[in-house]
Amino acid sequence: MPAQLIDGLLVAAGIKREVQADVAGLLARGLRPPHLRVLLIGSHPASKAYVTSKVRACAEVGITSDTEILPDTISEKSLKARIAELNADDEVDGILVQLPLPDHLTPMSVIESIDHRKDVDGFHPMNVGRLALNMPGFRSCTPAGIQELFKHYMIPTKAKHAVVVGASNIVGTPMALMLSREHDSYNGKATTTICHKYTKDLTAHTIAADILIVAAGQPNLITAPMVKEGVVVVDVGMNRVADHTSEKGYKLVGDVDFEGVSQKASWITPVPGGVGPMTVAMLMKNTLLSAKKAVYPD
Ligand code: L34
């Protein structure tokens, strides 16, 4: 039986409505709206589009935002000096440095210079460490959004075998931590395997998965023979592949062969319209939480 679709656009719209209502509540109490500051460095082709969708989401929910476009020649020192100013600015609730950065900059060093209380991406070592220790903190938006999808569709993770393909700092690693550690019935307690580029016999792992999260950045990495009947598949891949029939000259595909795998899966996320919109919605939620000082009270 073909899989049921996990609709990220639908769930993201619900989360944004909740954030919007909460923002309205802040304004009704005479408070200023939450403010997100985005730093966009250089000219990575996809980054501009992703930042545009974040800025648009902010406007939708009543969060104010500014995007600072910085030259791709900026030194790490100047970038950190700007971040230090934003850290000290009481009008700024969230600071987001869009990745990837130009090669001469060290992403983790730049991220670490952000005040962890304004790290609405949840990438700062303090926030990732607090996730690992099951303490309150900002959670990385993509894996947190995937948890929300499981919750919405009542897909249990408890005691399931979850396999995460991809071990990045921003998706695979926090996803595996959340699946294995966070203690609420849809949000953890899975037996979790992390696969990465050195994994031998990837299929031996993926075929055993009850829940398969794929964040490897490789089109068609996962095909139907690699999964078992009834698996829940979440495709985090966001690959632009040449397509001369489309106006843009490319089309967006995930890491999963959707056509084939959806014949065996019980649930599957599409690309686009799956995880991407959830990432943006969770950023709105984190920015609101920061403005409310809900994660790190003074
Ligand atoms: N600092 N850098 C920072 N934070 C992030 O959370 C990100 N990421 C990733 C890249 N760099 C980052 C994003 O925002 C990827 N990413 C992201 C966000 C949203 C979407 C995709 C990637 C998204 O909305 N995708 C749409 C399709 C967009 C299109 O058509 O191009 C979707 O439906 O999947």
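- Cluster membership check: I194 does not share its hydrophobic cluster with V236, using side-chain heavy-atom separations under 4.5 Å among Ile, Leu, Val, Met, Phe, Trp and Tyr.
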Do any side-chain atoms of residues 291-298 form donor-acceptor pairs under 3.5 angstrom with protein atoms, and if so which ones, sequence neighbours left out?
| residue | atom | partner | partner atom | Å |
| --- | --- | --- | --- | --- |
| K292 | NZ | D22 | OD2 | 2.6 |
| Y296 | OH | N127 | OD1 | 2.5 |

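- Note that the SG atom of C141 and the CD atom of E148 stand 11.5 Å from one another [nearest 0.5 Å].
- The closest side-chain heavy-atom distance from V253 to F258 is not below 4.5 Å.
- The shortest heavy-atom contact between R240 and A49 is NH2-CB, 4.2 Å.
- Between atom CD of residue Q20 and atom CZ of residue R17 there is a gap of 9.0 Å, rounded to the nearest 0.5 Å.
- Follow the hydrophobic side-chain contacts under 4.5 Å out from L101 and you reach L86 in the same cluster.
- Within the 3.5 Å criterion, the main-chain N or O of L131 finds no donor-acceptor partner in the side chain of R181.
- Enclosure of atom CG in D90 is not indicated, since only 12 or fewer non-hydrogen atoms of other residues, nucleotides or ligands lie within 6.0 angstrom.
- L70 and L99 fall within a single hydrophobic cluster, where Ile, Leu, Val, Met, Phe, Trp and Tyr are joined by side-chain heavy atoms under 4.5 Å apart, directly or via other members.
- Residues I63 and P34 share a closest heavy-atom pair of CG2-O, 3.4 Å.
- The CZ atom of R82 sits 11.5 Å away from atom CD1 of I41, with the distance rounded to the nearest 0.5 Å.
- When the options N220, L252, L221, D255 are evaluated for a side chain to side chain contact (heavy atoms under 4.5 Å, CB included) with N239, the one that passes is D255.
- Considering every non-hydrogen atom in both I114 and H124, the closest pair reads O-CD2, 3.1 Å.
- L39 has its side chain within reach of I83: a pair of non-hydrogen atoms, C-beta onward, lies under 4.5 Å apart.
- The shortest heavy-atom contact between A281 and K16 is CB-CG, 4.1 Å.
- A distance-only check finds no donor-acceptor pair linking the side chain of S180 to the backbone of A190 [under 3.5 Å].
- Residues Y50 and T279 form no side-chain contact, since every pair of their non-hydrogen atoms from C-beta on lies 4.5 Å or further apart.
- Counting only heavy atoms from C-beta outward, the side chains of S266 and Q4 never approach each other to under 4.5 Å.
- The main-chain N or O of V275 is never found under 3.5 Å from a side-chain atom of T269 such that the two would form a donor-acceptor pair.
- Counting non-hydrogen atoms of neighbouring residues, nucleotides and ligands closer than 6.0 angstrom, the NZ atom of K80 exceeds 12 such neighbours.
- Under a hydrophobic-cluster definition in which Ile, Leu, Val, Met, Phe, Trp and Tyr are linked whenever side-chain heavy atoms come within less than 4.5 Å, directly or via other members, V227 and M175 are assigned to different clusters.
- The shortest distance between side-chain heavy atoms of I15 and M282 falls below 4.5 Å.
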_side-chain contact (heavy atoms from CB on, under 4.5 Å), that's the test. Do V120 and L283 meet it? Break it down for me._
CA-CA 6 Å; V120 288; L283 175 66; 3.7 Å; yes
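- A salt bridge does not link D89 to K118: none of the charged side-chain nitrogens sits closer than 4.0 Å to a carboxylate oxygen.
- Counting only heavy atoms from C-beta outward, the side chains of K264 and V231 never approach each other to under 4.5 Å.
- Checking side-chain atoms of H205 against main-chain N and O of V164 turns up no donor-acceptor pair under 3.5 Å.
- Taking each heavy atom of R37 and H35 in turn, the nearest pair found is NE-NE2, 3.1 Å.
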*Just do the side-chain contact (heavy atoms from CB on, under 4.5 Å) check on L179 and I213 with the steps written out, would you?*
CA-CA 10 Å; L179 284 165; I213 316 266; 4.1 Å; yes
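- Annotation: side chain of K54 is in contact with side chain of Q98 (closest heavy-atom distance under 4.5 Å).
- By the 4.5 Å heavy-atom criterion applied to side chains, T157 and K189 are not counted as neighbours.
- When atom types are taken as modelled, the side chain of T199 and the backbone of L202 share no donor-acceptor pair closer than 3.5 angstrom.
- Within 6.0 Å of atom CZ in R130, more than 12 heavy atoms from other residues, nucleotides or ligands are found, so the atom counts as buried in its surroundings.
- Surrounding NZ of K228 are more than 12 heavy atoms belonging to other residues, nucleotides or ligands, all under 6.0 Å away.
- The distance from the CZ atom of R139 to the NZ atom of K285 is 12.5 Å, given to the nearest 0.5 Å.
- Put simply, L36 and I170 are part of the same group of oily side chains (I, L, V, M, F, W, Y) that touch within less than 4.5 Å, one to the next.
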*side-chain contact (heavy atoms from CB on, under 4.5 Å) between F150 and V234, intermediate numbers included*: CA-CA 10 Å; F150 291 156; V234 176; 3.8 Å; yes
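- Not one N or O on the side chain of T203 forms a donor-acceptor pair closer than 3.5 Å with the backbone of M226.
- For the side chain to side chain contact (heavy atoms under 4.5 Å, CB included) with P33, the qualifying choice from V61, L27, L288, D93 is L27, the only one to do so.
- When all heavy atoms of S78 and I74 are compared, the pair lying nearest together is CB-CG1, 3.8 Å.
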*asked:* Using side-chain contact (heavy atoms from CB on, under 4.5 Å), reason through L5 and I268 one step at a time and then give a plain yes or no.
replied: CA-CA 5 Å; L5 211 60; I268 192 166; 4.2 Å; yes
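- Rounding to the nearest 0.5 Å gives a distance of 10.5 Å between CG of N87 and NE2 of H116.
- In this structure, OG1 on T193 lies 11.5 Å from CD1 on I211, to the nearest 0.5 angstrom.
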